[in-house]
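The figures here come from the full heavy-atom set of this structure, side chains too, leaving out hydrogens, waters and symmetry mates.
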Amino acid sequence: MDPSLNPYSPGSGRRPPELVGRAGELEAFDTLVARTRNGLSDRGIVLTGLRGVGKTVLLNEMHAHADRFEWLTVRLEARRDEAGAAAVRRALAREVVAAARKLTRRSLSARMRQALETISAFNAKIGATGISLGVDLAKGRADSGDPEVDLLELAEDVSLALAEDGRAFGVFIDEMQDLDETTMGALIAAQHLAGQRGWPFYVIGAGLPNLPRVLTETRSYAERLFTYRSIGQLPPGEAARALVEPAERLGARFAPDGLAPLLDAAGGYPYFLQEYGQAIWNLAPAKVFTADDAAAAVQFGLEHLDAGFFRSRWERATPAERRVLLAMAQDNDAPSPTSEIARRVGLKITSLGPYRANLMAKGLIYSPEHGQVAYTVPGMAAFVDRHRDELDRS
């Protein structure tokens, strides 16, 4: 088959040709938009799951839908490194002022002009960009230097101005578990007050499965502020649609025995489905994909995943950190008790702490519960088992 026509699209955050199995999440956001248009408030939305399940794709879909309804939107990606806190706040200010430029094309109500002045003051305090909105800076509004106070005032002024036309202020955050505690607390506090006072301000976040715990550890009331949606493997029928429908639109099809091997290998994970779909399209000599084509695609696709998806993560770790990753593989992809990992690598549990912290900062593991660690990507334990001799030597 012609690779230039290949419909499958593996990649970080890339929208697949057929977005299946996520209707519930998209309907939840549609309802949020509709309630806002009717002058009703709602909760924010938090998407959680391992890497490769499509959280970023869903977040982007929601962001695009909000833009179609002329929300003022901000799209951020959190960072765990030392410069992350300042970078995220600058990005927030930069994105808000850039989005607000669209509002200047309309005739401005008094409330909207006040909102633009507050945005300008917020931006000037952080020093993110020199973009002008053609208004004066608000005096004593969103310019205190206290992130929580300033974000609350920004959320209030902007969302109340947008509410005049049934619109909202939405902050869309990927890798939300990596937000610094101050920014996280400020966003939660703003969502809390917005819910109490009916402001159309919403935080829409995506992150690893431990994100709900991180939120409640930051503010105990966070569990009541969001609709939590766990994103996981696709059911078999939806996984089959993700492979079959893109092929059929281009005149190709799967033979009766040509689909199951790909579904078994992918395990319902959207990223893996795209990888194996791309492989069978490129390898198949004809428009009917056979069992032989599927067997070749599974082998080729797995080699590609090992060389890229898994290997790139493995190589981020230092040799000492890799000992921890190897020890975790004994539990397959289930969470590993940190005390047991310490025993396996011959360390005191206090000495394991720095390795654990570094692996979390690199996005390779997360803590699903206190005293546990787990891989952030599905299938990492199987990768270790496939290459254990080589990885042991490294």
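Residues Glu217 and Arg213 are paired through a salt bridge, judged by an N-O separation under 4.0 Å between the basic side chain and the carboxylate. With salt bridges taken as basic N to acidic carboxylate O contacts below 4.0 Å, one links Glu321 and Lys362. Electrostatic pairing of Arg344 and Asp331 counts as a salt bridge here, judged by a charged N lying under 4.0 Å from a carboxylate O. A salt bridge is defined here as a Lys NZ or Arg NE, NH1 or NH2 lying under 4.0 Å from an Asp or Glu carboxylate O, and Arg311 with Asp306 fails to meet this definition. Using a cut-off of 4.0 Å between Lys/Arg side-chain N and Asp/Glu carboxylate O, Lys125 and Glu153 are scored as not salt-bridged. Using a cut-off of 4.0 Å between Lys/Arg side-chain N and Asp/Glu carboxylate O, Arg22 and Glu61 are scored as not salt-bridged. Under the 4.0 Å criterion applied to side-chain N and carboxylate O atoms, Arg79 and Asp178 are not assigned as salt-bridge partners. Taking the charged nitrogens against the carboxylate oxygens, Arg51 and Glu175 do have a contact shorter than 4.0 Å, which makes a salt bridge. In summary, Glu95 and Arg75 do not engage in a salt bridge, as defined by a charged side-chain N under 4.0 Å from a carboxylate O. A salt bridge links Glu340 with Arg343: the distance from a Lys NZ or Arg NE/NH1/NH2 to an Asp or Glu carboxylate oxygen falls below 4.0 Å. Of the charged side-chain nitrogens involved, none lies within less than 4.0 Å of a carboxylate oxygen, so that Arg167 and Glu70 do not count as a salt-bridged pair. By the 4.0 Å N-to-carboxylate-O rule, Arg141 lies too far from Asp150 to be salt-bridged with it.
Note on ring orientation: taking the six-membered ring where Trp is involved, the planes of Phe383 and His387 are tilted (angle from 30° to 60°).
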Run the side chain to side chain contact (heavy atoms under 4.5 Å, CB included) test on Val384 and Trp314 for me, step by step, so that the C-alpha distance in whole Å, both residues' side-chain angles and the decisive distance to 0.1 Å come before the verdict. CA-CA 9 Å; Val384 170; Trp314 177 263; 4.3 Å; yes
Could you walk me through whether Leu108 and Leu116 pass side chain to side chain contact (heavy atoms under 4.5 Å, CB included), step by step? CA-CA 10 Å; Leu108 300 178; Leu116 294 178; 3.6 Å; yes
Take Leu352 and Thr350, measure what side chain to side chain contact (heavy atoms under 4.5 Å, CB included) needs, and give me the verdict at the end. CA-CA 5 Å; Leu352 183 69; Thr350 52; over 6 Å; no
Intermediate values then yes/no, side chain to side chain contact (heavy atoms under 4.5 Å, CB included), Met176 and Val203: CA-CA 10 Å; Met176 191 174 179; Val203 174; 3.8 Å; yes
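Residue Arg35 qualifies as enclosed at atom CZ: its count of foreign heavy atoms under 6.0 Å is above 12. Residue-environment remark: CZ (Arg386) exceeds the threshold of 12 foreign heavy atoms within 6.0 Å. In this structure, Glu181 places its CD atom where only 12 or fewer heavy-atom neighbours from other residues, nucleotides or ligands lie under 6.0 Å away. Within a 6.0 Å radius of CZ in Phe300, no more than 12 heavy atoms belonging to other residues, nucleotides or ligands are found. The neighbour count for Arg249 CZ, taken as heavy atoms of other residues, nucleotides or ligands under 6.0 Å away, is above 12.
Contact of the Leu305 side chain with the Tyr276 side chain is registered, since non-hydrogen atoms from C-beta on lie closer than 4.5 Å.
The residue from Phe172, Phe69, Tyr202 that alone fulfils the ring pair (Phe, Tyr, Trp, His ring centres under 6.0 Å) condition with His63 is Phe172. Shown are Leu211, Val46, Ile204; of these, the side chain to side chain contact (heavy atoms under 4.5 Å, CB included) with Phe226 is made only by Val46.
Judged by distance alone, the side chains of Gln372 and Thr338 never bring a donor and an acceptor atom under 3.5 Å apart. Ser367 and Asn210 share no side-chain donor-acceptor pair at under 3.5 Å. In this model, no donor atom of one side chain and acceptor atom of the other lie less than 3.5 Å apart for Ser120 and Asn123. Side-chain atoms of Ser4 and Asp2 form a donor-acceptor pair, as typed in the model, at a separation below 3.5 Å. No side-chain donor from either of Ser9 and Arg15 sits under 3.5 Å from a side-chain acceptor of the other.
What you find for Leu72 and Leu162 is that their closest heavy atoms are CB-CD1, 3.7 Å. The nearest pair of heavy atoms linking Gly308 to Ser312 is O-OG, 2.7 Å. Residues Ala168 and Thr36 approach most closely at CB-CG2, 3.7 Å, considering heavy atoms. Nearest heavy atoms, Arg388 versus Ala329: NH2-CB, 3.6 Å. Across all their heavy atoms, Pro16 and Val57 have their closest contact at CD-CG1, 3.9 Å. Between Val158 and Ala115, the shortest heavy-atom contact is CA-CB, 4.0 Å.
Taking CG of Leu364 as the start and CG of Asn358 as the end, the distance is 10.0 Å to the nearest 0.5 Å. Summarising the geometry, atom CG belonging to Leu262 is positioned 9.5 Å from atom CZ belonging to Phe289; distances are rounded to the nearest 0.5 Å.
Hydrophobic clustering places Val298 together with Tyr8 (ILVMFWY residues linked when any side-chain heavy atoms are closer than 4.5 Å, directly or through intermediates). In this structure, Leu92 is not a member of the same hydrophobic cluster as Leu152, with clusters built from ILVMFWY side-chain heavy atoms closer than 4.5 Å. Both Leu19 and Leu234 are assigned to one and the same hydrophobic cluster, defined by single-linkage of ILVMFWY side chains at heavy-atom distances under 4.5 Å. Both Leu263 and Tyr269 are part of a single hydrophobic cluster, where members link through side-chain heavy atoms under 4.5 Å apart. Hydrophobic clustering of Ile, Leu, Val, Met, Phe, Trp and Tyr side chains at less than 4.5 Å, counting indirect connections, keeps Trp199 apart from Met112.
In this structure, Arg197 contributes its side chain and Leu193 its backbone to no donor-acceptor pair below 3.5 Å. For the pair Ser351 (side chain) and Leu347 (backbone), a donor-acceptor distance under 3.5 Å is absent. Using modelled atom types, one side-chain atom of Arg322 and one backbone atom of Ala317 make a donor-acceptor pair closer than 3.5 Å. Between the side chain of Glu77 and the main chain of Ile173, no donor-acceptor pair closer than 3.5 Å is present. Checking side-chain atoms of Asp143 against main-chain N and O of Phe122 turns up no donor-acceptor pair under 3.5 Å. Here the side chain of Asp333 pairs a donor or acceptor atom with the backbone of Gly379 at under 3.5 angstrom.
For an aromatic pair to be called close, the ring centres must be under 6.0 Å apart, and Phe309 with Tyr271 satisfies this. Ring centroids of Phe29 and Trp71 are separated by less than 6.0 Å, placing the two rings close together.
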